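Right, one structure below, let's go through it.
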4 protein chains.
Amino acid sequence: MSINKEDSEKFQTLFTENLNDTALSDKQKAVLFASLTLFSQNGFDRTNTKDIALLAGVAEGTVYKQFKTKEGILKGILDPVIKTIVPKTINDFINSMVNTSYPSFEKFLYAIIKNRMTFIFDNLPQIKILLHEILTDQELLAEMTKNISESSANHFLVVLKHYQENGELVNWEPIRIIQYILAINVSYVLPTIINSHSKINLDSACLEATEFLLKGLTP
Amino acid sequence: MSINKEDSEKFQTLFTENLNDTALSDKQKAVLFASLTLFSQNGFDRTNTKDIALLAGVAEGTVYKQFKTKEGILKGILDPVIKTIVPKTINDFINSMVNTSYPSFEKFLYAIIKNRMTFIFDNLPQIKILLHEILTDQELLAEMTKNISESSANHFLVVLKHYQENGELVNWEPIRIIQYILAINVSYVLPTIINSHSKINLDSACLEATEFLLKGLTP
Amino acid sequence: MSINKEDSEKFQTLFTENLNDTALSDKQKAVLFASLTLFSQNGFDRTNTKDIALLAGVAEGTVYKQFKTKEGILKGILDPVIKTIVPKTINDFINSMVNTSYPSFEKFLYAIIKNRMTFIFDNLPQIKILLHEILTDQELLAEMTKNISESSANHFLVVLKHYQENGELVNWEPIRIIQYILAINVSYVLPTIINSHSKINLDSACLEATEFLLKGLTP
Amino acid sequence: MSINKEDSEKFQTLFTENLNDTALSDKQKAVLFASLTLFSQNGFDRTNTKDIALLAGVAEGTVYKQFKTKEGILKGILDPVIKTIVPKTINDFINSMVNTSYPSFEKFLYAIIKNRMTFIFDNLPQIKILLHEILTDQELLAEMTKNISESSANHFLVVLKHYQENGELVNWEPIRIIQYILAINVSYVLPTIINSHSKINLDSACLEATEFLLKGLTP
DNA sequence: TATGAATGAGCTTTCATTCAT
DNA sequence: AATGAATGAAAGCTCATTCAT
């Protein structure tokens with residue numbers, strides 16, 4: 001199995017679909033998108049509701065129709081990410097992982113990396129906002145990890161153990177292995193998170209990351 | 001929000017030394033430390049000058065004596081980090097690296113990692129503030145990298161090349177190697193950056209990181 | 001300081017008309033009138049926005065809706081005077097002067113004096129504010145004279161020349177004659193400018209001024 | 001008699017002498033001069049004590065040694081003008097007038113005009129400050145006129161009456177005659193009051209003013 | 001449902017004034 | 001007497017939020 005184009009387009013539109021599910025008028029959606037854009041560009045505190053209204057093309061009052069407060073808009077953006085998008089994505093991925101037996105740890109590694117990177121790229125604005133909030137609100141992170149780990153992290157551990165017993169993966173603590181995989185992933189994406197205009201080649205990044213991690217994680 | 005007095009008394013490293021060099025009165029230093037603490041705890045925008053004055057034990061007017069504006073205080077905190085502390089630390093480190101010939105790439109790697117991690121732990125609040133600002137102000141990062149790379153990055157590259165020619169280090173682009181080293185470093189420090197109360201064992205972290213990076217970077 | 005509500009209701013002339021032209025809400029007009037009153041009573045610097053809001057019967061935030069700053073309000077008051085009201089008044093007057101052939105210099109003199117004095121009385125608060133500003137901001141005067149002289153001062157000079165050639169007016173430089181006429185006018189109005197409660201009889205003032213100027217300016 | 005150069009230098013230094021009389025240290029005098037300069041340039045409200053200290057070359061605390069408040073400095077500048085300098089000047093002038101019998105109303109007129117104009121030029125900064133204050137503080141003017149008229153205005157009226165009975169001066173109310181003389185005087189000085197850099201020729205101004213007033217005030 | 005004028009709490013900043021040195 | 005760091009009241013201004021239309 002490999003994460004194909006269709007998969008990546010699924011993540012990209014999860015946020016939008018999520019919007020479409022709820023019965024939001026066009027103006028309300030415009031408010032949410034404008035907020036997403038401005039929050040990720042300038043930060044929550046440096047975005048005012050007047051500018052949101054301006055960018056959304058609505059009146060200031062309309063900004064408050066759906067979410068009662070400015071912070072409500074923030075939650076309206078982050079809650080789906082924390083509670084739905086991330087867990088759902090992870091579940092989908094792990095399920096496909098369990099169902100598909102990867103021929104080698106290398107293929108497996110490449111798959112995770114591509115999946116993770118694609119997800120990050122597809123949700124850049126939300127991730128940037130999350131980063132901002134996590135720096136000051138520690139409960140956010142706690143809630144997020146809770147939603148992830150409780151859902152299906154155990155399945156992932158099983159797969160890791162499989163490769164360890166197979167002799168393809170060093171016998172380190174799973175958390176340590178995950179830490180390295182995430183770190184290398186993030187190191188490729190960070191420039192784009194910070195500067196939206198910087199572009200990287202996703203494919204070669206995945207290949208490079210896999211190459212290094214494979215060397216570092218093979219016994 | 002709660003103002004944590006103990007936190008503000010911990011950061012007694014280069015930043016403090018740097019302060020003592022400048023002729024600041026005790027109250028002015030208190031203002032700077034209070035700002036450092038609150039900015040890193042709650043973020044710049046969610047810190048008001050009244051609370052800074054309160055934590056520093058001075059009047060609100062005193063907050064504005066040294067740095068004319070609130071943003072001036074932010075610069076007063078970040079400028080030394082960007083322009084002096086980071087470059088100085090890097091120079092010191094590289095000089096010691098050039099003078100000391102490490103017997104192996106492993107020793108060399110361990111030395112960098114320990115140095116880097118120690119630096120990050122010693123400057124946690126400033127780094128947290130920097131992170132916040134970098135997310136919205138891209139020029140900050142540009143200026144920082146300028147100060148770093150122009151000073152002595154070339155020396156570092158020479159050392160890397162030495163190990164590559166020696167057959168101890170893979171023949172990848174130096175930037176890629178540095179990226180991995182930094183990523184692994186940061187992955188150990190991140191929990192502490194986000195949650196100041198989470199503690200890690202610096203020594204075992206360095207050993208672990210060295211172990212992994214050595215595997216990944218040896219040809 | 002006491003806020004005099006009656007005063008603020010008196011200035012119902014060109015300034016008010018000018019306001020009605022622009023699409024200002026009642027509250028915005030109230031802000032402008034309150035500012036006019038307080039600025040002229042106590043001076044710009046001794047008027048605070050809280051008192052403006054109080055006199056206007058609005059919230060403090062409302063004071064900043066139309067004109068973004070306190071100085072913006074000052075400009076909102078003085079700009080029409082400098083750029084519109086004064087030039088328009090002068091043009092109207094000169095046009096009527098050119099169209100109407102006065103039987104004698106005396107009639108002509110009386111007409112100007114009455115016109116000038118009436119204008120000053122009708123715009124007392126604005127003039128008082130202007131005076132204050134002119135004392136510290138010399139560019140204001142420059143801009144005002146530019147707006148006046150360039151518009152139609154030449155027409156006035158033609159009329160003066162006519163009376164000089166007719167033998168009814170001394171052969172002095174026009175600027176000198178105008179200076180005297182203005183000076184005498186102002187001398188009658190000054191007490192009212194300084195103390196709003198001092199009242200003069202406009203008609204007898206005009207007659208007296210005409211009598212003196214006629215003696216002084218007849219060959 | 002004519003107002004000679006020596007006379008005019010007497011007025012010019014009255015303010016300084018007044019300072020020297022009081023036991024003020026050099027620094028205290030510097031504070032007073034700096035205040036005089038800045039108050040007249042920028043207005044009382046737009047002058048801060050830091051700038052006064054800076055211009056005077058003293059510490060901020062020193063500004064408060066002599067006059068306990070900023071308003072105290074203003075009084076320290078204006079009180080001598082109102083209570084001493086103006087009355088003394090007027091008394092000196094009227095005494096010299098009474099003692100010297102002017103051969104004609106013309107000579108008399110010229111003498112007053114020159115005296116008045118010279119006085120104004122010699123006290124420009126104080127007059128500018130006075131103007132500012134009079135616009136918002138009506139009691140100031142009241143106190144000033146009280147000090148003037150009570151001292152020796154009556155003497156002046158006697159002289160006017162003399163010329164009226166002599167047939168050299170129209171039979172108008174003395175206050176009206178004084179008003180015109182002052183108005184014409186002020187009209188010559190005003191440009192310099194507003195813009196300190198504009199210079200006029202004092203002698204020709206006096207001759208012109210005399211010429212016009214004589215025509216206007218001769219029966 | 002959408003509007004946008006109005007609100008007022010809360011923020012940053014200034015500056016006359018004090019006082020230990 | 002002179003200093004200048006420190007003060008804190010008060011000012012200008014912003015902006016999330018409300019509500020009559």
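Numbered from 1 within each chain, the chains take letters A, B, ... in sequence-line order. Small disclaimer: the values here were computed from a predicted structure and weren't measured.
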For atom [atom1] of [X] and atom [atom2] of [N], their distance in whole Å:
X	N	atom1	atom2	answer
C:Asp51	F:dA10	CG	P	12 Å
A:Lys50	E:dA6	NZ	P	13 Å
A:Ile52	F:dT17	CD1	C1'	13 Å
B:Glu60	F:dA11	CD	C1'	13 Å

Could you pick out which residue, B:Gly61 or A:Lys65, lies toward the 5' side of DNA chain E when each is mapped onto its nearest nucleotide?
-> A:Lys65
The answer to which of C:Ala59 and B:Tyr64 contacts DNA chain E further toward the 5' end, by nearest nucleotide, is C:Ala59
Thinking salt bridges, do [X] and [Y] make one under a 4.0 Å N-O criterion?
X	Y	value
D:Lys65	D:Glu60	no
A:Glu133	B:Arg46	yes
B:Glu143	B:Lys75	no

Given that both distances must come in under 3.5 Å, which nucleotide forms a Watson-Crick or G-U wobble pair with F:dA20?
-> E:dT3
Which base sits across from E:dC15 as a Watson-Crick or G-U pair, both distances under 3.5 Å?
-> F:dG8
With DNA chain F as reference, determine whether B:Ser25 or A:Thr47 sits nearer its 5' end, using the nearest nucleotide of each.
-> B:Ser25
Closest-nucleotide ordering on DNA chain F, the 5'-leading residue of B:Lys27 and A:Thr49 | B:Lys27
Less than 4.0 angstrom between a side-chain N/O of [X] and OP1 or OP2 of [N], yes or no?
X	N	answer
A:Thr62	E:dG4	no
A:Gln28	E:dA2	yes
B:Lys70	E:dT12	yes

Assign A:Val63 to base, sugar-phosphate, or nothing according to its heavy-atom contacts below 4.0 angstrom with the strands shown.
-> nothing
Work out which heavy atom in D:Ile52 is nearest to a heavy atom in D:Val63; give both atom names and the distance.
-> CG2-CG2, 4.2 Å
